[in-house]
J.: 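One structure coming up, written as structure tokens, with questions to follow.
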Amino acid sequence: MFQWKLWGTDMDSFDIVDKVFENATKGNRLIKNSDVLKLDYIPNKILYRDIQTEKIASVLSPVLNMIKPSNLFIYGKTGTGKTMVTKFVMKALEGKKNNDKIIISYINSRTSGTIYRVLSDIALSLKIKVPFTGLSVSEVQKRIFSYLKENEIRLLLVLDEVDFLVNSPLKKDAGNDLLYELTRYGSYADSNSFISIIGISNDIKFKDYLESRVYSSLHDEEVFFTPYSVEELKDILKERANIAFIDNAITDDVINLIAARSGGEHGDARRAVDLLRVAAELAERENAKKIEIRHVQEASKNMEQDKVSEAISSLPIQEKLVLLTIVSLQDTENTGHIYIKYIKICENLGIQPLTQRRVSAIINELDMLGLISAPVINRGRYGRSKKISLALDKSTVIKTIKEDETLKSLNL
DNA sequence: CTTCCACAGGAATAGGGGGTCC
DNA sequence: GGACCCCCTATTCCTGTGGAAG
């Protein structure tokens with residue numbers, strides 16, 4: 001105890017911390033099982049997804065007899081249970097197979113980020129050691145294939161968010177090539193080894209980005225996941241809440257609100273459960289007896305802000321500068337004006353400004369992140385430009401930008 | 001119907017920092 | 001140590017374009 005005092009004289013802070021810890025250990029706990037509220041939780045019974053579960057299981061089942069399953073494509077928006085059902089089936093297969101020649105790999109293309117990393121993640125899941133950079137893509141691919149062949153591996157490869165590999169023109173070709181090579185693997189291996197691909201995509205238009213040769217060999221089977229209705233979301237939330245919380249911690253009203261708020265438009269169960277979790281944590285932190293409407297509202301606000309802050313703080317310095325320029329303007333502005341203003345800000349900071357071409361690209365990137373809105377507009381005689389405006393709350397942006405090392409000297 | 005604005009955005013390229021392989 | 005690779009930011013040069021003004 002006395003050591004604590006040496007670090008600081010502020011006993012009030014110490015009291016506060018103490019109180020929080022006390023509450024956490026023996027205080028008013030609403031949550032008795034937090035696992036079911038986590039994003040990667042897989043329930044034993046997945047509600048309203050029987051058809052999809054059965055279909056996926058039946059497509060993949062031949063693998064248990066060492067026969068190559070058809071390639072499978074799974075479509076549906078975020079939070080419709082694609083990943084969950086797939087993982088559920090994977091887990092079940094994992095339990096059923098009694099053969100270590102069958103390997104089931106799950107790769108998330110988005111978190112992997114690049115073609116190279118997708119491949120190195122595949123390698124990793126096969127326990128092949130691959131450096132995280134330095135090798136060529138084809139080299140990694142070669143290693144994977146020869147490993148599969150030598151060890152007679154039957155690989156079920158789940159590629160989540162596979163649209164990420166081909167949806168940007170930049171890597172479109174490379175993504176197509178990768179998928180093509182993977183589907184072709186069977187042809188230059190013998191029948192003792194194969195790859196079956198289970199592609200999961202949020203983007204219904206995904207197939208437009210695929211070359212036809214890839215499409216035809218990839219789409220043996222398809223499964224669609226429709227968004228959950230608000231009613232279905234309520235049931236899902238109720239079931240989770242039953243396991244997660246102590247009795248009487250939440251009322252139907254609150255559940256209904258969460259279902260309506262996060263599911264109303266998109267039927268997104270992931271968002272709904274996440275909102276439930278944050279609201280519960282909030283309620284618990286303030287020692288409330290139950291989760292109330294205001295907790296949900298507060299949680300929803302916090303989550304939005306966190307998301308924005310995170311997106312902004314991970315931005316490179318120049319992108320922050322451009323964003324800052326946009327914040328500093330009231331109203332919508334076109335690219336030219338932004339650029340002029342941007343140069344002034346750079347001069348003030350003693351930073352070498354970028355070319356307009358680059359700034360234009362940065363504006364596109366910020367637009368894609370949803371931080372700004374920048375549609376192209378035509379004003380006839382007065383040229384073709386972008387109508388640029390901030391897509392979110394000014395104060396959040398300023399607050400986050402201020403945290404940047406090189407920019408904190410600015411008085412905003 | 002033509003002009004012409006104010007850019008959009010593609011292509012090629014560079015360069016620095018991460019690394020491996022032989 | 002040299003060849004080669006990936007990743008990212010950035011530059012230079014460039015062609016393309018919707019529609020108000022004339």
Side-chain angles (χ1 to χ4, degrees), chain A residues 107-124 126-147 161 164-179 181-182 208-209 311-326 329 331-347 349-369 371-389 401 404-407:
Chain A
I107 311 286
N108 185 310
S109 317
R110 185 185 306 274
T111 46
S112 294
T114 62
I115 309 274
Y116 181 86
R117 278 187 215 139
V118 167
L119 270 168
S120 70
D121 284 348
I122 296 172
L124 210 68
L126 297 167
K127 310 235 163 39
I128 308 172
K129 285 212 179 76
V130 168
F132 64 88
T133 177
L135 295 181
S136 69
V137 165
S138 57
E139 173 64 24
V140 181
Q141 182 189 310
K142 217 167 76 193
R143 291 187 191 188
I144 292 171
F145 284 3
S146 61
Y147 177 87
E161 308 196 60
F164 191 75
L165 292 179
V166 282
N167 70 356
S168 86
L170 243 166
K171 47 195 170 187
K172 196 175 169 179
D173 292 344
N176 268 299
D177 284 350
L178 173 64
L179 290 173
E181 292 295 331
L182 289 172
D208 298 347
Y209 306 122
I312 295 175
S313 59
S314 62
L315 250 34
I317 178 72
Q318 288 289 359
E319 305 210 4
K320 279 182 189 168
L321 270 175
V322 174
L323 185 61
L324 184 64
T325 311
I326 295 163
L329 298 159
D331 273 343
T332 59
E333 281 286 2
N334 59 29
T335 309
H337 287 150
I338 301 262
Y339 188 61
I340 292 166
K341 190 94 187 234
Y342 158 81
I343 286 180
K344 277 186 193 148
I345 291 182
C346 283
E347 279 168 1
L349 287 163
I351 292 173
Q352 183 74 34
L354 303 175
T355 54
Q356 181 159 338
R357 177 69 187 86
R358 179 63 188 141
V359 170
S360 169
I362 288 177
I363 287 169
N364 277 343
E365 281 159 34
L366 294 175
D367 188 18
M368 271 202 296
L369 286 169
L371 299 173
I372 63 172
S373 141
V376 178
I377 50 151
N378 280 290
R379 289 174 308 156
R381 201 51 295 207
Y382 304 109
R384 193 161 175 267
S385 184
K386 280 175 173 169
K387 195 175 149 206
I388 300 160
S389 59
I401 288 186
D404 188 278
E405 282 301 312
T406 39
L407 298 177

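Residue numbering restarts at 1 for every chain, and letters A, B, ... go by the order of the sequence lines. Source: prediction; values computed, not measured.
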J.: Any side-chain heavy-atom pair from A:Phe145 and A:Val140 closer than 4.5 angstrom?
T.: no
J.: Taking the minimum atom-to-atom distance to the side chain of A:Leu354, which one of B:dC7, C:dA10, C:dC6 wins?
T.: C:dA10
J.: Are any of A:Thr335's side-chain N or O atoms less than 4.0 Å away from OP1 or OP2 of B:dA6?
T.: no
J.: Rounded off to whole Å, could you give me the NZ-to-C1' distance for the A:Lys387 and B:dC7 pair?
T.: 17 Å
J.: For the pair A:Glu347 and A:Lys344, find out whether any cationic side-chain nitrogen is under 4.0 Å from an anionic carboxylate oxygen.
T.: no
J.: Any side-chain N or O of A:Ser360 below 4.0 angstrom from OP1/OP2 of B:dG9?
T.: no
J.: Determine: side-chain N/O of A:Thr355 to OP1/OP2 of C:dT11, distance under 4.0 Å, yes or no.
T.: yes
J.: For B:dG9, does the base pair up with any side-chain atom of A:Arg357 as donor and acceptor (N or O, under 3.5 Å, distance only)?
T.: yes
J.: Using whole Å, what does the distance between atom P of nucleotide C:dT9 and atom CZ of A:Arg358 come to?
T.: 6 Å
J.: Could you work out which one of B:dA8, C:dA10, C:dC6 sits closest to the side chain of A:Gln318?
T.: C:dA10
J.: Hey, which of these two, A:Asn364 or A:Gly380, hits DNA chain B nearer its 5' end, going by closest nucleotide?
T.: A:Gly380
J.: Can you find a pair of side-chain heavy atoms, one from A:Leu315 and one from A:Leu366, that are under 4.5 Å apart?
T.: yes
J.: Taking the minimum atom-to-atom distance to the side chain of A:Asn378, which one of B:dC7, C:dG19, C:dT9 wins?
T.: C:dG19
J.: At under 4.0 Å between heavy atoms, what does A:Gln356 touch on the DNA or RNA strands: base, sugar-phosphate, or nothing?
T.: sugar-phosphate
J.: Nearest whole Å is fine: how far is C:dT17 P from A:Ile377 CD1?
T.: 18 Å
J.: What integer distance in Å separates A:Leu135:CG from B:dG18:P?
T.: 18 Å
J.: Starting at NZ of A:Lys386 and ending at P of B:dA8, how long is that distance when rounded to a whole Å?
T.: 5 Å
J.: Take A:Glu365 and A:Arg358 through the test salt bridge (charged side-chain N to carboxylate O under 4.0 Å, His left out) and record every step on the way to the result.
T.: CA-CA 11 Å; A:Glu365 281 159 34; A:Arg358 179 63 188 141; 3.6 Å; yes
J.: What is the separation between atom CD1 on A:Ile362 and atom C1' on C:dC8, rounded to the nearest whole Å?
T.: 12 Å
J.: Tell me the interatomic distance from A:Arg381, atom CZ, to B:dA6, atom P, rounded to whole angstroms.
T.: 9 Å
J.: Starting at the 5' end of DNA chain B, which residue's closest nucleotide do you reach first, A:Gly383 or A:Pro131?
T.: A:Gly383
J.: Examine the side chains of A:Gln141 and A:Tyr116 and answer whether a donor and an acceptor come within less than 3.5 Å of each other.
T.: no
J.: Take atom CD1 of A:Ile317 and atom P of C:dA10, then tell me their distance rounded to the nearest Å.
T.: 10 Å
